[in-house]
Amino acid sequence: MKKKLSTGEMVSRLLAGDRRAAARLITLVENEMDDHHEVMSLVYPYTGKAMILGITGAGGAGKSTLTDHLIGKFREQGKKVGVVVVDPSSPFSGGAFLGDRIRLQSHSQDDGVYIRSMASRGYLGGLSRATYDVIRIMEAMGNEVVIVETLGAGQDEVDVIHIAHTCLVVVTPGMGDDIQAMKAGIMEIADIIVLNKADLDGTDRSLRHLQGALTAGSFEEGAWMPRVVPTVSTANKPEDLQGIDELAATIAEHQTYLRKTRAIDRVRYDRVEQELGLIFKDELQKIIFKGLKGTGKKREYINSIIEQKNDPYSVVEEVLNTYLLPWE
Amino acid sequence: MATIKKIKVLVTKVGLDGHDRGAKVVSSLLKEAGMEVIYLGMFQRPESIVKAAIDEDVDVIGLSYLSGEHLIFTPKVVEEMRKNNVDDVLLIAGGTFPAEDIPAMEEMGIDKVFRAGSLTESIVDYINDHVEE
Ligand code: B12
Ligand SMILES: Nc1nc2c(ncn2[C@@H]2O[C@H](COP(=O)(O)OP(=O)(O)OP(=O)(O)O)[C@@H](O)[C@H]2O)c(=O)[nH]1
Ligand SMILES: [Mg+2]
């Protein structure tokens with residue numbers, strides 16, 4: 001039996017930095033258990049101060065390996081670090097293989113580091129639906145930095161931009177030089193492009209392409225110009241690692257830029273707007289399906305759409321006009 | 001409310017045993033059975049296993065043994081769990097070892113042992129039946 005503490009008690013322990021309370025609360029939120037909303041209302045006032053670092057990029061590019069090094073850099077500065085790592089759920093079984101911890105081991109005995117693996121559970125955009133709330137919980141736990149590693153298909157994992165203050169996109173040499181890389185929306189969200197595996201052939205060429213593409217882009221006066229930082233994040237000897245210090249310094253520079261220009265206000269606004277939109281979507285759907293429950297209407301609507309007597313847009317409009325106040 | 005509970009399993013190996021094929025096979029079987037598997041890999045210490053289990057709030061810890069270290073490391077993992085009050089997590093093990101050792105392993109605190117040749121269903125069913133809601 002999992003011990004039952006009251007929600008309030010668990011949240012007080014969380015605020016004191018208790019990792020087991022954090023772990024239980026995250027499960028509660030992830031599984032959308034009954035106290036989910038209460039937990040988030042209690043937690044919310046203690047959030048909003050951490051630096052949130054997003055790390056995205058294709059599968060196997062080196063996101064976790066880099067994260068492991070960056071955790072070390074933040075720990076050197078005495079900062080507590082929370083990490084959320086998202087991997088895909090199987091669309092068939094609903095199960096998942098969450099393997100990032102293999103490369104997140106340097107700090108496995110450090111109490112100042114809390115790492116949580118999450119399955120996407122069908123949510124698109126590179127995160128899981130619960131990720132937004134889990135980051136808040138990690139902030140309330142007292143982590144001054146929260147790192148979010150998205151799942152890595154390298155396609156559309158762009159939702160992290162709505163949460164992260166600083167967004168890293170990790171690429172590797174030869175990876176679809178210029179055109180492909182630049183077209184994908186994923187490159188547009190980068191504050192810093194990390195060219196990882198700079199020990200491999202083709203690094204110089206990729207570096208030139210990336211830098212060329214960035215200088216070709218147009219940027220507003222005073223806006224942040226995305227940087228390319230080449231890194232080597234695996235090596236037999238620590239002194240053979242490359243670019244990690246530069247990467248940490250570039251992240252710090254971006255943070256300074258955000259504060260100085262107040263660009264951070266926009267990031268904060270965007271994050272809350274995104275959260276609000278998602279909650280409205282979820283809750284409205286719940287309210288409406290709950291209202292239809294037992295009336296047989298839902299089935300009627302679905303069948304009428306299948307039989308082409310109706311279409312989903314008209315159905316939604318009709319239901320909204322019936323069950324909610326027509327605001328327009 | 002529509003609660004979406006998934007069973008979470010931590011699969012890992014203690015000590016210097018470098019046979020990870022079985023652990024990976026079991027991980028994918030459990031994934032295919034709809035569970036969320038946190039794969040921690042090889043060469044773990046009891047401390048790192050238990051800490052990961054707490055952080056990830058898992059329902060099950062699964063140990064894989066193929067190098068004859070099952071009787072040495074099992075008590076260490078169990079002791080570390082006890083020290084950290086991890087008393088609501090199922091501990092299971094599998095791999096290659098003499099059948100005669102199973103009673104000793106269970107005596108030490110493993111809830112259930114699955115040797116090579118164990119049927120997938122038996123592992124999945126056992127977990128489904130023994131993880132509490
Ligand atoms: C393949 C293999 C290797 C490969 C490993 C590749 C890898 N990455 O895994 C290589 C060639 C590297 C290797 C090396 C060695 N090996 Co070797 N190896 C084997 C062999 C032939 C098969 C193991 C295997 O992969 N089976 C297939 C998998 C799918 O089956 P499985 O692991 O049993 O898993 C199943 C179940 O047991 C169960 N299960 C397993 N784990 C878990 C966990 C949980 C939670 C659950 C529920 C179930 C479960 O489910 C799985 C699916 O049914 C075995 C022989 C054997 N009979 O096991 C020897 C064996 C394990 N190796 C042995 C030895 C001695 C060695 C070496 C020391 C040889 C040497 N002198 O160099 C090295 C040591 C390497 C090291 N650092 O540890 C001995 C171990 C003897 C002992 N008990 O002390 C064995 C038993 C061979 C023998 N009869 O002597 N080996
Ligand atoms: N040669 C080389 N290999 C690297 C480097 N960085 C990471 N790797 C290797 O690349 C592989 C993938 O690294 P991960 O850190 O797991 O990559 P990831 O982007 O987190 O992968 P997913 O989470 O699966 O998307 C591992 O085998 C690493 O050892 C590097 O700088 N050079
Ligand atoms: Mg990873």
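Letters A, B, ... are given to chains in the order of the sequence lines, protein chains preceding strands, and every chain is numbered from 1.
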Given that the side chain runs from C-beta out, which part of A/Val85 has a heavy atom under 4.5 Å from chain B: side chain, backbone, both or neither? neither
Separation of A/Glu32 CD from B/Lys5 NZ (nearest 0.5 Å): 14.0 Å
Please list, chain by chain and in numerical order, all residues satisfying ring-ring contact (aromatic ring centres under 6.0 Å, His included) with B/His130, sequence neighbours excluded. B/Tyr126
Of all the residues in residues 38-54 of chain B, which have a heavy atom that comes within less than 4.5 Å of a heavy atom in chain A? B/Ile38, B/Tyr39, B/Leu40, B/Gly41, B/Gln44, B/Arg45, B/Glu47, B/Ser48, B/Lys51, B/Ala52, B/Ile54
Heavy-atom closest pair (B/Glu56 atom, A/Ser117 atom, distance to 0.1 Å) is OE2-OG, 2.7 Å
Please identify each residue that fulfils salt bridge (charged side-chain N to carboxylate O under 4.0 Å, His left out) with A/Glu9, with sequence neighbours left out. none
Test side chain to side chain donor-acceptor pair (under 3.5 Å) applied to A/Arg121 - qualifying residues, sequence neighbours left out: A/Asn31, B/Glu36
Atom OG in A/Ser89, atom NZ in B/Lys31: separation rounded to 0.5 Å? 9.0 Å
Quick check: are there more than 12 heavy atoms from other residues, nucleotides or ligands sitting under 6.0 Å from NZ of B/Lys6? yes
Heavy-atom contact with chain B under 4.5 Å, split by part of A/Asp111: both
For A/Arg101 and B/Asp55, the nearest pair of non-hydrogen atoms, with its separation, is NH2-OD2, 4.1 Å
Tell me, out of A/Gly99, A/Ser108, A/Gly95, who's got the most heavy-atom pairs with chain B below 4.5 Å. A/Gly95
Does any heavy atom of chain B fall under 4.5 Å from the side chain of A/Phe92, the backbone, both, or neither of them? neither
Under 4.5 Å from any heavy atom of chain B, what part of A/Gln105 do you find: side chain, backbone, both or neither? side chain
Less than 4.0 Å between a side-chain N and a carboxylate O, is that true for A/Arg24 and B/Asp88? yes
Max heavy-atom pair count under 4.5 Å with chain B, selected residue of A/Ala23, A/Ser93, A/Ala96: A/Ala96
